[in-house]
Amino acid sequence: MSVLIIAEAGVNHNGSLELAKKMADVAKEAGADIVKYQTAVPELVISRFAPKAEYQKDTTGEAESQLEMVKKIHFGFDAHRELKKYCDSIGIKYLSTPFDMDSIDFLAEMDMPIWKIPSGEVTNLPYLEKVAKLHKPIVMSTGMCEKSEIKDALEILKKNGAGEITILHCNTEYPTPLKDANVRAMLDIKENFATKVGYSDHTLGLEAPLAAVALGATVVEKHFTLDKSMEGPDHQASMNPEELKALVKAIRNTEVALGDGVKKVTESEAKNKAVARKSIVAKVPIKAGEVYSVDNITVKRPGNGISPMRWYEVLGKTAKRDFSLDELIEL
């Protein structure tokens, strides 16, 4: 089964439905399987006292609160309905992450292929219960999580009837330094929780998500933007359209390169056996009746004669005819 590639538009549309549709176009053109947005009623998600993250201060300043910032970059339920119809019309799957209970109720009407639980909701018991009771497949990011917190969340989800669960390793620093990506933690998650695993990436570049694919990720999620210079908290840590297209291509090529895991001679390399391997040949001219010895036979290319693996079988045998220098030995 191919890796599920989620192109994370998030709130990089800056609250513009027109830009959100353009992002769907970009994700479709890049070859992503899903384009994902975020659905929230900001006042139900963020208190007026909530501070901004440091990366948000760096990208949007400190004059406004987190709530004020978020209110500017979300649009309402009606816009999401229109966006879903647009995604359907161009042939890419729509997905949105809910950040509050009202948004869960709304998105339940949208026939999404999976439900995405963001890292910040892993410790939100009522939220987990509500999503689980939809009995749909779930993909859950685990940035900022200890294994004990993942365990608790999984127990809640399973107890309340969640469908198949895939856990995404994630680091929620934007952008994530490569030294903190720790992609192999995905394998720790797989071993400890016996679930499908994937990777939600916030690093710059292709290395971390491709490493995740090589290690067995079934889902890869990556933020993208139309323009990294746009105003907003996530643009600078996101891929531009060309980079997203390159990532999708690289993931698909990596999948092909991984193959079926069975060591065997491939059709493309079989023809090179005779060229690259060696055979037992005459080291010097040999007359009929002479005994093969280390003095008159040796090993050289090509490999279409007697294999050197039969060396001791050949030594001591008698030549049945004359052989010229370098001629393939026969028994």
Side-chain angles (χ1 to χ4, degrees), residues 6 8-11 15 34 36-53 56 65-81 83-84 94-174 189 192-198 200 202 219 221 233-234:
I6 301 174
E8 168 68 90
V11 291
I34 291 174
K36 189 177 84 67
Y37 303 91
Q38 296 178 9
T39 304
V41 180
E43 293 85 354
L44 299 180
V45 180
I46 305 164
S47 85
R48 58 194 178 92
F49 302 111
K52 286 183 177 179
Q56 293 171 337
S65 68
Q66 183 186 154
L67 177 59
E68 291 169 331
M69 175 191 73
V70 170
K71 285 170 71 173
K72 292 193 304 186
I73 55 179
H74 278 81
F75 44 62
F77 293 166
D78 287 343
H80 274 283
R81 288 190 184 95
L83 182 57
K84 168 68 161 57
Y94 164 95
L95 182 64
S96 190
T97 299
F99 283 81
D100 56 81
M101 300 304 205
D102 287 8
S103 294
I104 294 174
D105 288 333
F106 162 71
L107 289 172
E109 307 168 9
M110 301 288 274
D111 191 30
M112 297 192 301
I114 56 177
W115 281 75
K116 171 65 194 299
I117 296 176
S119 297
E121 306 302 328
V122 174
T123 57
N124 185 345
L125 189 153
Y127 177 104
L128 296 173
E129 286 182 335
K130 193 173 183 69
V131 172
K133 289 176 181 176
L134 297 169
H135 311 300
K136 300 290 187 180
I138 289 172
V139 174
M140 182 173 73
S141 284
T142 56
M144 307 172 292
C145 286
E146 303 288 351
K147 283 189 284 189
S148 61
E149 293 171 325
I150 299 173
K151 178 176 179 291
D152 291 343
L154 275 178
E155 288 177 355
I156 293 165
L157 293 173
K158 291 177 179 178
K159 179 181 177 181
N160 287 278
E164 184 179 52
I165 300 169
T166 302
I167 302 177
L168 306 187
H169 171 53
C170 178
N171 182 298
T172 56
E173 175 66 353
Y174 293 76
I189 292 170
N192 277 273
F193 302 110
T195 63
K196 289 184 176 180
V197 292
S200 180
H202 299 125
V219 177
E221 179 181 75
D234 296 340

Between atom [atom1] of [X] and atom [atom2] of [Y], what is the distance when rounded to the nearest 0.5 Å?
X	Y	atom1	atom2	answer
Asn124	Glu129	CG	CD	9.5 Å
Met140	Ile167	CE	CD1	5.0 Å
Ser119	Asn171	OG	CG	9.0 Å
Gln56	Met69	CD	CE	3.5 Å
Leu107	Asp102	CG	CG	11.0 Å
Ile104	Ile117	CD1	CD1	8.0 Å

I'd like to know if the side chain of [X] reaches the main chain of [Y], judged simply by a donor and an acceptor atom lying under 3.5 Å from each other, with no hydrogens or angles considered.
X	Y	value
Gln66	Pro51	yes
Glu121	Pro118	no
Thr142	Leu168	yes
Tyr127	Pro98	yes
Ser200	Ser141	no

Within a strict 4.5 Å, meaning less than it, do heavy atoms of the [X] and [Y] side chains meet?
X	Y	answer
Ile46	Phe99	no
Asn160	Leu128	no
Ile34	Ile114	yes
Ser96	Leu83	no
Met144	Glu149	no
Met101	Leu44	no
Ser103	Phe77	yes

Listed by chain and number, what are the ring-ring contact (aromatic ring centres under 6.0 Å, His included) partners of [X], not counting sequence neighbours?
X	value
Phe193	none
His80	Phe75
His202	Tyr174, His223

Sequence neighbours excluded, which residues qualify as salt bridge (Lys or Arg N to Asp or Glu O under 4.0 Å) partners of Asp105?
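Asp105 satisfies salt bridge (Lys or Arg N to Asp or Glu O under 4.0 Å) with Lys130 once adjacent residues are dropped.
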
Which residues pass the salt bridge (Lys or Arg N to Asp or Glu O under 4.0 Å) test with Lys159, not counting sequence neighbours?
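If we apply the salt bridge (Lys or Arg N to Asp or Glu O under 4.0 Å) test to Lys159, skipping adjacent residues, there are no hits.
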
Quick check on Glu146: does its CD atom have over 12 non-hydrogen neighbours (other residues, nucleotides or ligands) under 6.0 Å away?
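Not more than 12 within 6.0 Å, no.
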
Would you sort out whether Asp100 and Phe106 count as a side-chain contact (heavy atoms from CB on, under 4.5 Å), showing the intermediate values?
CA-CA 10 Å; Asp100 56 81; Phe106 162 71; over 6 Å; no

Could you give the side-chain donor-acceptor pairs of residues 151-158 under 3.5 Å, partners two or more places apart or in another chain?
residue: Lys151; atom: NZ; partner: Glu155; partner atom: OE2; Å: 2.8

Using side-chain contact (heavy atoms from CB on, under 4.5 Å), reason through Glu221 and Lys116 one step at a time and then give a plain yes or no.
CA-CA 11 Å; Glu221 179 181 75; Lys116 171 65 194 299; 2.9 Å; yes

Where is the tightest heavy-atom contact between Ile138 and Ala132, given as atom of each residue plus distance?
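So the minimum-distance heavy-atom pair works out to CD1-CA, 4.4 Å.
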
Please lay out, stage by stage, how Val11 and His74 fare under the test side-chain contact (heavy atoms from CB on, under 4.5 Å).
CA-CA 7 Å; Val11 291; His74 278 81; 3.5 Å; yes

